[in-house]
Protein chains: 2
Amino acid sequence: MHEALKLENQLCFRLYTASRLITQAYYPLLSAIGLTYPQYLVMMVLWEQDCLPVNDIAKRLYLETNTVTPLLKRMEAEGFVSRSRSSADARQVIVNLTPKGRSLENRASCVPLHIGKAIMCQSLNAESAPALFATLDDIISTLSPVATAGPAGSVGSEASAFPVDSK
Amino acid sequence: MHEALKLENQLCFRLYTASRLITQAYYPLLSAIGLTYPQYLVMMVLWEQDCLPVNDIAKRLYLETNTVTPLLKRMEAEGFVSRSRSSADARQVIVNLTPKGRSLENRASCVPLHIGKAIMCQSLNAESAPALFATLDDIISTLSPVATAGPAGSVGSEASAFPVDSK
DNA sequence: GTGTTTTATATCGTTCACGATGCAAATATA
DNA sequence: TATATTTGCATCGTGAACGATATAAAACAC
């Protein structure tokens, strides 16, 4: 019996499960305003900065364009965004918020607080949250192809032999 | 502008991204032995305890049976498991490892260490990992319908107003 | 300026996830 | 014993994810 192959010793399984369960908690809140969770992520990108090419949205979300393209098409069909070829560079497709998409921000503004209440628990609170954020950011930057930009060398974590996913 | 709607303040986005990127790191290791990541999770359940009904596998992985059923069918087609109706209760479908499925455990035993090396980083190490595990377990038990079993009342986290997903 | 390479997006096929729903077997209730 | 309810699994439809591949525009090489 391989101890390292026990479910209870898996980090990724915990991340995967926590992510899925929180996404399920979003479901009733988001479906009330007509969005899925990945669509909500795209909207958050565009609310921060409108008028972005597909590639910038994909990079910001660490997704491939072949995931984002159909996502944007569905959002265009729902009337939240519009897509148009750039005149400067005809390869690029620029994504814009429609008035309907822009107005959704106010209706979504209560979502984070609701979710915050739902996932609050003993080991996740105002003190522990920043450390959790930092750890997840570190994992993400370690695994993301080149990171989005930032200082060249970045963290550079030398891979050690510590078996994180096997305790 | 709603600060709580900024991507940088989202916990779920970090979990979702970290989960996806780690799953991608598994991909080359698992495809070498013919498994996808969700299939690998099912195998870990069965390596720990063989001969389980569909429902037990689903509960252990916090998945719905309508996700697990087609997953198991594909695994049966690949020859890793067999499925058969229980004679004691004809509603149940019992899942068994085939010899091929059982023998896969040895070939998979090197996977956790490889992944551990890949995701090691500054803020995730032998000291910090247990705390991260505990936090994720706490989130999962807070959000999972009834938890799998355990002491009745469980944690009972009183929902506070702390906006976890909005800083 | 022609040929090669790179870049930006899209198409295709497969595998999850999951809400909604269906159905048959088991169990509870009348 | 009939009827109603619950349980276990399955089917269906939709929306991600993503590897592999395609296509056209831009950038580069010569």
Side-chain angles (χ1 to χ4, degrees), chain A residues 13 16-28 30-32 34-42 52-59 61-78 80 83-95 143-146, chain B residues 13 16-28 30-32 34-42 52-59 61-78 80 83-95 143-146:
Chain A
F13 172 58
Y16 158 84
T17 302
S19 166
R20 282 180 30 251
L21 293 179
I22 298 182
T23 300
Q24 286 174 32
Y26 271 101
Y27 182 80
L30 293 182
S31 70
L35 293 173
T36 64
Y37 184 71
Q39 291 171 7
Y40 173 66
L41 293 179
V42 170
L52 289 174
V54 173
N55 205 23
D56 287 20
I57 297 172
K59 283 214 173 92
L61 299 177
Y62 301 89
L63 290 168
E64 302 298 319
T65 62
N66 58 0
T67 298
V68 174
T69 292
L71 195 54
L72 289 170
K73 281 188 175 177
R74 286 185 288 267
M75 295 174 74
E76 186 179 37
E78 295 292 328
F80 297 126
R83 302 182 312 137
S84 54
R85 289 271 161 197
S86 164
S87 53
D89 183 339
R91 291 171 302 180
Q92 291 188 330
V93 168
I94 307 297
V95 181
L143 291 176
S144 71
V146 197
Chain B
F13 172 58
Y16 159 84
T17 303
S19 167
R20 281 180 32 251
L21 293 180
I22 298 183
T23 300
Q24 286 174 31
Y26 271 101
Y27 183 81
L30 294 182
S31 70
L35 293 174
T36 64
Y37 183 72
Q39 291 172 5
Y40 173 66
L41 293 179
V42 170
L52 290 174
V54 173
N55 204 24
D56 286 22
I57 297 172
K59 282 214 174 93
L61 299 177
Y62 301 89
L63 289 168
E64 302 299 319
T65 61
N66 58 1
T67 297
V68 174
T69 292
L71 195 55
L72 289 170
K73 281 188 176 179
R74 285 185 289 267
M75 294 174 73
E76 186 178 37
E78 294 293 328
F80 296 126
R83 302 182 311 138
S84 54
R85 288 272 161 197
S86 165
S87 52
D89 185 338
R91 291 171 303 180
Q92 291 188 330
V93 168
I94 308 296
V95 181
L143 291 176
S144 69
V146 197

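The chains referred to below are lettered A, B, ... by the order of the sequence lines, with proteins before strands, and numbering in each begins at 1.
Within the structure, every side-chain polar atom (N or O) of A/Tyr62 is placed at least 4.0 Å from both OP1 and OP2 of D/dA17. Note on B/Thr36: every side-chain N or O is 4.0 Å or more away from OP1 and OP2 of C/dT14. For B/Tyr27, no side-chain nitrogen or oxygen approaches OP1 or OP2 of D/dA17 to under 4.0 Å. For C/dA17, the OP1/OP2 oxygens have no side-chain nitrogen or oxygen of A/Thr23 closer than 4.0 Å.
Of the candidate nucleotides C/dA17, D/dA26, D/dC18, C/dA17 has the atom nearest to the side chain of B/Thr67.
As a whole-Å value, the separation of A/Leu71 CG from D/dC18 P is 12 Å. One atom, CZ of A/Arg20, and another, P of D/dA16, lie 17 Å apart when rounded to the nearest Å. Rounded to whole angstrom, the span from the CD atom of A/Glu64 across to the P atom of D/dA20 amounts to 11 Å. Separating the CD atom of B/Gln24 from the C1' atom of D/dA16 is a distance of 14 Å, rounded to the nearest angstrom. Straight-line distance from the CG atom of A/Leu143 to the P atom of D/dC18: 12 Å, rounded to whole Å. Across the protein-nucleic acid pair, B/Met75 atom CE and C/dT14 atom C1' stand 16 Å apart, rounded to whole Å. Protein atom CG of B/Leu52 is 11 Å distant from nucleotide atom P of D/dC9, rounded to whole Å. Remark: P of C/dG13 and CZ of B/Arg74 are 17 Å apart, rounded to the nearest angstrom.
Annotation: of the two residues near DNA chain D, A/Leu63 and A/Ala88, the 5′-most nearest-nucleotide partner is A/Leu63. Residues A/Leu21 and B/Ser87 both approach DNA chain C. Their nearest nucleotides, taken by heavy-atom distance, put A/Leu21 toward the 5′ side.
Here the closest heavy-atom approach between residue B/Tyr37 and residue B/Thr23 is recorded as CB-CG2, 3.7 Å.
Using a 4.5 Å heavy-atom threshold, the side chains of B/Arg85 and B/Val93 count as touching. Side-chain contact between B/Thr17 and B/Arg20: present, with at least one pair of heavy atoms (C-beta onward) separated by less than 4.5 Å. Residues B/Gln39 and B/Val42 fail the side-chain proximity criterion, which asks for heavy atoms closer than 4.5 Å. The shortest distance between side-chain heavy atoms of B/Glu78 and B/Arg74 does not fall below 4.5 Å.
Residues passing the side-chain contact (heavy atoms from CB on, under 4.5 Å) test with A/Glu76 are A/Val81, A/Arg83, sequence neighbours excluded.
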> Going 5' to 3' along nucleotides 4-11 of chain C, which nucleotides have protein heavy atoms under 4.0 Å from the base (write B), which only from the sugar-phosphate (write S), and which from neither (write -)?
Replying inline: ---BSBSB
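Rounded to the nearest 0.5 Å, atoms OG1 (B/Thr67) and CG (B/Leu61) are 10.5 Å apart.
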